[in-house]
Participant: 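Here's a structure for you.
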Amino acid sequence: MVQGNGGGNGRAGGGDASRDAAALKRGIRELAAERDAVIISHYYCVPDVHDVADFVGDSLGLSQEAQRSPRSVVVFCGVHFMAETASILCPDKTVLLANIEAGCPMADMITPEALVKRKAELPGVPVLTYVNSSAAVKAHSDICCTSANVTAVMRSLPGGRILMTPDRNLALRTQTLVPDKEILLWPGFCPTHHRVNAEEVRKLKREHPDALVLAHPECQPKILAEAHVVGSTSGIIKACLESGRKEFVILTEEGVIYPLKRQRPDAVFLTPETPMVCPNMKKVTLLDVLKALETMTPVIKVPEEIRVPALRAVERMMAVPRD
Ligand code: 13P
Ligand code: SF4
């Protein structure tokens, strides 16, 4: 599928709807200033939400922006665990999650209780947890990682055996890059990235032999084997912007294409026939952002008894130098 350069809500043409959207966006910006709020959006949210955000980025980058911001309120356009990470890093700020229904099925594939049980079976084995997880799971982990720093974090850990949670595909990928460790898997996955069909990818490659193929490590190993570049959301965007190629096969959530098209209007971005869409990220609308600012709800506040150990795991990750 070829992705067009549609902005706003992705519909062609102007008219009342686009005038209303522009007025709504102006109203949101004005209210954000009144509320002393910074609006941050994950790349996977809809273009309209990108348009009103002060920052658009990947999950950890956004929480760091929240921390750096001088504003006292953070409106998080993304899923629940991301707002929790902002709360872990910025306990003195009011963190609002624009749509409380936006959860992450992968983060829900591990509970703190299940992790505690598994740890009891593996005494002395460090637990490395992907930031795409709840604060309570982070609190029971030794250290966190993102898809951008996972190899450096893995190499920094003592001992040969590591339990990695919750993403099995990221763990399998890391195992190939850090073969001297024995990585024990957790059976979690991201449904959006896991379901990519290898035959659809091969068809795109046959039809576009000059295209650069970029995949997120949450995809299955058979998909990563077809890719020229494997990287985090930010890594994929950076690789496209730095490449001289004109065609790109994007194997991550389609939301990244909106900022890519703006920066590379000359390029063509191709996606598999079965769309890679995260339904939870797409739940966040402009009206949600407006309502969050009007009502100053829903607040995400991680309790101190969870925040302190979760912060320890996040800070250990941040202390690892990038490789
Ligand atoms: P990153 O934004 O950290 O690459 O994570 C991908 C993802 O699936 C976020 O939900
Ligand atoms: Fe969760 Fe995957 Fe959606 Fe990210 S893209 S929020 S990992 S389901």
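In each ligand, atom 1 is the first atom listed, and ligand 1 is the first ligand listed.
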Participant: Do you see a donor-acceptor pair shorter than 3.5 Å between the side chains of Tyr44 and Glu254?
Facilitator: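 Short answer, no.
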Participant: Decide yes or no on side-chain hydrogen bond (donor to acceptor under 3.5 Å, both in side chains) for Asn197 and Thr274, but give the supporting numbers first.
Facilitator: CA-CA 8 Å; Asn197 179 296; Thr274 310; 5.9 Å; no
Participant: Heavy-atom contacts with Met106 under 4.0 Å: which atoms of ligand 2 show up? List them by number with element.
Facilitator: 7 (S)
Participant: Provide, to 0.1 Å, the distance between atom 1 (Fe) of ligand 2 and the closest protein heavy atom, together with that atom's residue and name.
Facilitator: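 For atom 1 (Fe) of ligand 2, the nearest protein heavy atom is Cys104 SG, 2.4 Å.
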Participant: Going by the atom numbers of ligand 2, which of them fall below 4.0 Å from some non-hydrogen atom of Tyr44?
Facilitator: 5 (S)
Participant: With no hydrogens and no angle check, do the side chains of Asp48 and Tyr258 hold a donor and an acceptor under 3.5 Å apart?
Facilitator: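 Asp48 vs Tyr258: no donor-acceptor pair found between side chains.
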Participant: Please state which part of Ser147 comes within less than 4.0 Å of ligand 1, counting heavy atoms only: side chain, backbone, both or neither.
Facilitator: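 Contact part for Ser147 vs ligand 1: side chain (C-beta onward).
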Participant: At a non-hydrogen distance cut-off of under 4.0 Å, which region of Glu253 contacts ligand 2 (side chain, backbone, both, or neither)?
Facilitator: neither
Participant: Whether the Thr129 and Ser141 side chains hold a donor-acceptor pair (N or O, under 3.5 Å, no angle test) is what I'd like checked.
Facilitator: yes
Participant: As a check for students: among Asn132, Ile237, Thr146, Leu60, identify the option with a heavy atom nearest to atom 9 (C) of ligand 1.
Facilitator: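 Closest candidate by heavy-atom distance is Asn132.
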Participant: Is a side-chain donor-acceptor pair under 3.5 Å present for Ser232 with His216?
Facilitator: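 Looking only at side-chain atoms, Ser232 and His216 do not form any donor-acceptor pair under 3.5 Å.
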Participant: Crowded around Lys291 NZ? As in, over 12 foreign heavy atoms under 6.0 Å?
Facilitator: no
Participant: Return a yes/no value for His193: is any of its N or O atoms, backbone included, closer than 3.5 angstrom to an N or O of ligand 1?
Facilitator: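 His193 vs ligand 1: no N/O contact under 3.5 Å.
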Participant: Relative to the heavy atoms of Glu218, which atoms of ligand 2 are at a distance of less than 4.0 Å?
Facilitator: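 Close to Glu218: 7 (S).
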Participant: Can an N or O of Asp58 be found at a distance shorter than 3.5 Å from an N or O of ligand 1?
Facilitator: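 No, there is no polar N/O contact under 3.5 Å.
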Participant: Distance only, no hydrogens: is a donor on one side chain within 3.5 Å (strictly under) of an acceptor on the other, for Asn169 and His194?
Facilitator: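 Judged by distance alone, the side chains do pair up.
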Participant: Does a side-chain N-to-carboxylate-O contact under 4.0 Å join Arg312 and Glu315?
Facilitator: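 No salt bridge links Arg312 with Glu315.
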Participant: Please report which non-hydrogen protein atom sits nearest to atom 8 (S) of ligand 2, along with the residue it belongs to and the distance in Å to one decimal place.
Facilitator: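 Protein heavy atom with the smallest distance to atom 8 (S) of ligand 2: Pro105 CD, 3.5 Å.
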Participant: Without swapping roles, check the side chain of Ser243 against the backbone of Ala239 for a donor-acceptor pair under 3.5 Å.
Facilitator: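 Judged by distance alone, no pair lies under 3.5 Å.
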Participant: Going by the order shown, which atoms of ligand 2 are within less than 4.0 Å of some heavy atom of Asn132?
Facilitator: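 Within the 4.0 Å cut-off of Asn132, ligand 2 contributes 7 (S).
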Participant: Atom 8 (O) of ligand 1: which of Met82, His42, Glu218 has the nearest heavy atom?
Facilitator: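 Ranked by closest heavy atom to atom 8 (O) of ligand 1, first place is Glu218.
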Participant: Using a 3.5 Å cut-off on N or O atoms only, is Ser234 in polar contact with ligand 1?
Facilitator: no
Participant: Looking at ligand 1, does any of its N/O atoms fall within less than 3.5 Å of an N/O of Ser232?
Facilitator: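 For ligand 1, there is no N or O atom that lies under 3.5 Å from one belonging to Ser232.
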Participant: Heavy atom under 4.0 Å from ligand 1: found in Tyr43's side chain, backbone, both, or neither?
Facilitator: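 The answer is neither; Tyr43 stays 4.0 Å or more away.
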Participant: May I ask you to list the atoms of ligand 1 that are less than 4.0 angstrom from any heavy atom of Thr233?
Facilitator: 1 (P), 2 (O), 4 (O), 6 (C)
Participant: List the closest protein heavy-atom neighbour of atom 3 (O) of ligand 1: residue, atom name, distance to the nearest 0.1 Å.
Facilitator: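 Nearest neighbour among protein heavy atoms for atom 3 (O) of ligand 1, to 0.1 Å: Ser59 OG, 2.9 Å.
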Participant: Checking contacts here: is it the side chain or the backbone of Met281 that comes within 4.0 Å of ligand 1, counting heavy atoms only? Could be both or neither.
Facilitator: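 Side chain only; the backbone of Met281 stays clear of ligand 1.
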Participant: In the protein, which heavy atom is nearest to atom 2 (Fe) of ligand 2, and how far is it?
Facilitator: Cys190 SG, 2.3 Å
Participant: Can you get from Leu185 to Met109 by hopping between Ile, Leu, Val, Met, Phe, Trp and Tyr side chains that sit under 4.5 Å apart?
Facilitator: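 The answer is no; the residues belong to distinct hydrophobic clusters.
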Participant: Nearest 0.5 Å, what's the CD-CD1 distance between Glu200 and Ile223?
Facilitator: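 The CD atom of Glu200 sits 9.0 Å away from the CD1 atom of Ile223.
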Participant: At under 4.0 Å between heavy atoms, which part of Glu253 makes contact with ligand 1: side chain, backbone, both or neither?
Facilitator: neither
Participant: If I take every N, O or S atom of Cys278, is at least one of them less than 2.8 Å from atom 2 (Fe) of ligand 2?
Facilitator: no
Participant: Which atoms of ligand 1 have any heavy atom of Tyr130 under 4.0 Å away?
Facilitator: 5 (O)
Participant: Which distance, rounded to the nearest 0.5 Å, do you find between the OG of Ser69 and the CG of Asp36?
Facilitator: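 Ser69 OG to Asp36 CG: 7.5 Å, rounded to 0.5 Å.
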Participant: I need the Met317 CE to Leu128 CG distance, nearest 0.5 Å.
Facilitator: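 Result: 10.0 Å between the selected atoms.
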